[in-house]
Chemist: 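Structure provided below as structure tokens; questions to follow.
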Amino acid sequence: MTETAAPPVRTARTARPAAKRPEGQWALGEREPLNANEEFKQVEDPLLVRERIERVYAREGFASIDPDDLRGRMRWWGLYTQRKPGIDGGRTGSLAPEELEDEHFMMRVRSDGGTLDLAQLRAIADVSMRFARDTADITDRQNIQLHWVRIEDVPAIWRRLEEVGLSTTEACGDCPRVIVGSPVAGVGAAEVLDATPAVREIAARYVGDPSLSNLPRKYKSAVSWLPDIPYEINDLAFLGTVHPEHGPGFGMWVGGGLSTVPILARHVGVWVPLDEVPDVWVAVARLFRDYGYRRLRGRARLKFLIADWGVEEFRRVLEEEYLGRPLPDGPPPELPAAPIDHIGVHPQHDGLSYVGAAPVVGRLSGTKLAALADLAQAHGSGRVRLTPYQKLLVLDVADPEPLVEGLRGIGLEARPSSWRRNTMACTGIEYCKLAIVETKERAATLVAELEKRLAGEDVGLSVNVNGCPNSCARTQVADIGLKGQLVADEDGRQVEGFQVHLGGSLTLAADQEGGFGKKLRGLKTTAADLPDYVERLTGGYLAGRTDPSETFAAWVARCDEEQLK
């Protein structure tokens with residue numbers, strides 16, 4: 001049995017009253033596994049499963065895979081079984097895992113900070129075309145997801161990715177997930193401090209570190225100077241700010257996350273210099289490892305610990321027990337007048353340009369990625385970035401207009417409609433075992449319909465389409481958030497549809513205040529009626545807003561339920 005060394009138990013000086021029942025907090029001496037996931041993690045470090053994948057499972061096939069490896073440890077190497085085709089959403093919650101899962105995998109490829117060079121882009125394209133039926137989707141955490149991966153092909157895929165510096169290590173699992181970063185880090189004209197060194201150091205030092213491979217749940221983090229990332233929904237986020245005495249550095253937010261219990265991260269009120277960001281990052285990770293709740297999976301995220309402790313207690317424990325020093329107080333950042341959108345042609349600080357393009361809801365293919373690499377190279381670029389909004393950027397372009405046309409030719413629009421620009425969708429029932437409804441194609445159809453019906457209206461509303469309550473596509477913080485579920489149609493039949501959330505937002509500009517969308521119990525739509533509903537809702541907003549400056553969220557806040565149907 002392998003197990004991380006137990007942290008020191010809290011001393012009497014800092015001990016708090018005992019909880020009504022153990023939460024599985026290692027720092028309080030509660031080491032007994034309290035659920036099935038904690039049991040298989042205690043038996044063996046999940047990172048060790050790679051050897052079995054390469055030596056046994058890839059040779060002997062899917063049927064040879066141990067269940068704890070299949071549905072547990074293999075996630076630490078970016079592998080989830082995908083949904084068996086043909087199982088409708090009404091059966092999602094009633095079938096056993098072995099009935100839901102196909103003998104193929106989704107594979108998630110890490111891209112910390114969303115950075116890819118052309119060799120890496122071509123490697124992903126090659127893997128997609130050879131081993132994943134030409135599938136490739138950009139996620140809203142700057143990863144690439146592949147589908148239809150066979151266990152027999154996994155070692156060859158790893159070799160191809162790793163020869164260009166890519167990895168699937170800890171792309172899933174109870175461990176440090178991909179580190180989100182600004183897609184224009186190092187080139188953005190408005191950037192004061194490039195966070196890339198911190199992102200790279202964290203990834204190099206701590207991804208795959210056995211001391212962090214058994215966290216209570218996933219650990220999502222972000223490091224960016226610009227507020228062009230959804231920093232408020234991460235467990236930990238660093239965002240650029242200028243201290244009046246110390247100069248440029250980073251503020252810190254903790255305890256964010258969505259899913260079924262959404263909580264926005266809270267500003268800690270400290271200032272962290274760039275070279276200390278990795279040390280603070282790992283200190284928070286260790287605090288989460290030791291004090292995070294491990295009894296109930298639904299309460300095992302850092303956000304629940306922060307909600308119970310408060311920011312002041314979190315900061316005290318972080319400084320006293322993990323950093324061994326106080327952090328300077330620091331101000332929040334100065335936010336821009338409007339949210340930053342990188343789609344289109346934008347100047348870099350070096351006189352070149354970058355071009356941001358929108359695939360439809362993040363859906364690409366290996367063929368398209370290979371064509372993108374060829375286009376970028378032909379226009380003098382060697383770098384592509386992925387955004388946390390399912391979009392992509394080509395950097396370092398001297399003459400952008402020919403590239404804009406070339407991108408359009410492969411289905412990547414640098415001057416998209418507002419609907420294409422602002423619509424995201426999760427994987428959905430096509431591949432995900434948790435999903436209840438189809439999302440990607442439905443969202444693409446919605447975009448196409450709204451482009452026709454509202455061609456003259458540049459409304460700028462965000463539409464986030466999710467296949468289940470878990471909010472992988474950020475249902476609660478969109479203008480129009482759609483949570484997949486079965487609903488009754490006009491004939492009383494149970495069909496695919498959506499619970500509607502309206503008026504959500506994140507704090508990405510000076511006049512914004514983050515908040516969750518308005519959810520009315522009866523506000524639902526069938527999937528078939530979705531284009532009609534969004535068109536009707538948009539028309540109501542355009543006709544009913546006090547003036548063009550009134551935001552959708554403000555309009556929703558003063559509407560009654562009838563106006564929102």
Side-chain angles (χ1 to χ4, degrees), residues 75 77-80 82-83 105-116 120-121 124-125 127-128 132 135-149 161 166-173 175-183 199 203 207 218-222 224 228-231 233-235 256-259 342 356-366 368-369 372 384-393 412 422-435 439-441 443-444 462-468 470-475 477-478 484:
R75 289 177 287 160
W77 288 96
L79 293 164
Y80 279 104
Q82 67 187 41
R83 188 186 190 95
F105 293 87
M106 177 274 284
M107 174 179 276
R108 187 175 293 158
V109 182
R110 288 186 78 110
S111 175
D112 291 286
T115 63
L116 293 171
Q120 292 171 330
L121 194 62
I124 297 173
V127 167
S128 169
T135 59
D137 291 337
I138 306 175
T139 76
D140 60 9
R141 287 194 65 82
Q142 300 173 298
N143 296 300
I144 293 284
Q145 284 186 178
L146 309 173
H147 298 281
W148 298 110
V149 171
L161 294 175
L166 289 172
S167 169
T168 69
T169 310
E170 296 184 327
C172 313
C175 52
R177 301 291 186 89
V178 67
I179 306 147
V180 169
S182 170
V199 173
V207 173
K218 65 188 78 170
Y219 180 52
K220 293 184 174 182
S221 61
S224 175
D228 57 352
I229 61 170
Y231 63 95
I233 58 171
N234 284 267
D235 297 284
L258 295 179
S259 193
H342 295 302
V360 180
V361 295
R363 177 131 288 180
L364 293 168
S365 66
K368 194 167 290 188
L369 290 174
L372 173 63
V384 169
R385 299 276 175 88
L386 309 177
T387 85
Y389 299 93
Q390 300 181 336
K391 309 299 187 294
L392 60 87
L393 278 57
L412 299 174
N422 296 309
T423 299
M424 297 199 307
C426 74
T427 299
I429 204 170
E430 182 180 13
Y431 299 118
C432 178
K433 301 191 297 294
L434 301 178
T439 55
K440 288 286 189 184
E441 286 300 319
S462 58
V463 181
N464 292 7
V465 186
N466 215 80
C468 76
N470 287 319
S471 199
C472 294
R474 307 178 200 147
T475 307
V477 294

Chemist: Do N234 and R141 have side-chain N/O donor and acceptor atoms under 3.5 Å apart?
Modeler: yes
Chemist: In sequence, state the C-alpha distance, the side-chain angles, and the governing distance for T139 and V178, and then conclude on side-chain contact (heavy atoms from CB on, under 4.5 Å).
Modeler: CA-CA 11 Å; T139 76; V178 67; over 6 Å; no
Chemist: Using every non-hydrogen atom in the two residues, find where R108 and N143 come nearest and quote the distance to one decimal.
Modeler: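 R108 and N143 have their closest heavy atoms at CD-ND2, 3.5 Å.
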Chemist: Kindly give the heavy-atom pair with the smallest separation between A222 and I179, and that separation in Å.
Modeler: CA-CG2, 4.5 Å
Chemist: Looking at side-chain heavy atoms only, is the closest gap between S259 and N470 below 4.5 Å?
Modeler: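 The answer is yes; the side chains approach within 4.5 Å.
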Chemist: Indicate the atoms forming the closest heavy-atom contact of A435 with G428, along with that distance.
Modeler: CB-C, 3.4 Å
Chemist: Please report the shortest heavy-atom distance between A132 and V149, naming the atom on each side.
Modeler: CB-CG2, 4.3 Å
Chemist: Who pairs with Y231 by side-chain hydrogen bond (donor to acceptor under 3.5 Å, both in side chains), at least two apart in sequence or on another chain?
Modeler: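 side-chain hydrogen bond (donor to acceptor under 3.5 Å, both in side chains) check on Y231 returns nothing, list empty.
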Chemist: Which heavy-atom pair separates P359 from Q390 by the least distance, and what is that distance?
Modeler: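 Here P359 and Q390 meet closest at CG-O, 3.6 Å.
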Chemist: Under the rule for side-chain hydrogen bond (donor to acceptor under 3.5 Å, both in side chains), what residues qualify as partners of R75, not counting sequence neighbours?
Modeler: N37
Chemist: First locate atom CG of D137, then atom OG of S365, and finally report the distance between them rounded to the nearest 0.5 Å.
Modeler: 10.0 Å
Chemist: To the nearest 0.5 Å, how far apart are CG in L161 and CZ in R110?
Modeler: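 Here the rounded value is 13.5 Å.
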Chemist: Look at the side chain of S128 and the backbone N and O of T135, then say whether any donor-acceptor pair between them is shorter than 3.5 Å.
Modeler: yes
Chemist: What I'd like to find out is whether the side chain of P176 reaches to under 4.5 Å of the side chain of S221, using heavy atoms alone.
Modeler: no
Chemist: Any side-chain donor-acceptor pair under 3.5 Å between D228 and S182?
Modeler: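 Yes - a donor-acceptor pair under 3.5 Å links their side chains.
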Chemist: Is the shortest side-chain heavy-atom distance between L392 and I138 below 4.5 Å?
Modeler: yes
Chemist: Atom CG in L146, atom CD in Q82: separation rounded to 0.5 Å?
Modeler: 10.5 Å
Chemist: Any chance you could lay out the side-chain contact (heavy atoms from CB on, under 4.5 Å) test for C172 and L79, step after step, and finish with the verdict?
Modeler: CA-CA 7 Å; C172 313; L79 293 164; over 6 Å; no
Chemist: For K440 and V361, indicate whether the former's side chain and the latter's backbone hold a donor-acceptor pair under 3.5 Å.
Modeler: yes
Chemist: What is the distance from atom OG1 of T115 to atom CG of L166, rounded to the nearest 0.5 Å?
Modeler: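 Result: 8.5 Å between the selected atoms.
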Chemist: Holding to side-chain hydrogen bond (donor to acceptor under 3.5 Å, both in side chains), I want the full list of residues that pass it with T439, two or more places apart in sequence or in another chain.
Modeler: none
Chemist: I need the minimum non-hydrogen distance between C426 and G467, along with the two atoms involved.
Modeler: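 Nearest heavy atoms, C426 then G467: SG-N, 3.1 Å.
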Chemist: Could you point out which residue of Q142, R474, H342 forms a side-chain contact (heavy atoms from CB on, under 4.5 Å) with Y389?
Modeler: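 Exactly one pass, corresponding to R474.
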Chemist: When you compare the side chain of L386 with that of I144, does any pair of heavy atoms fall below 4.5 Å?
Modeler: yes
Chemist: Can you tell me how far the NE2 atom of H147 sits from the CZ atom of F105, to the nearest 0.5 Å?
Modeler: 13.5 Å
Chemist: Roughly how far apart are I124 CD1 and L116 CG, rounded to 0.5 Å?
Modeler: 5.0 Å
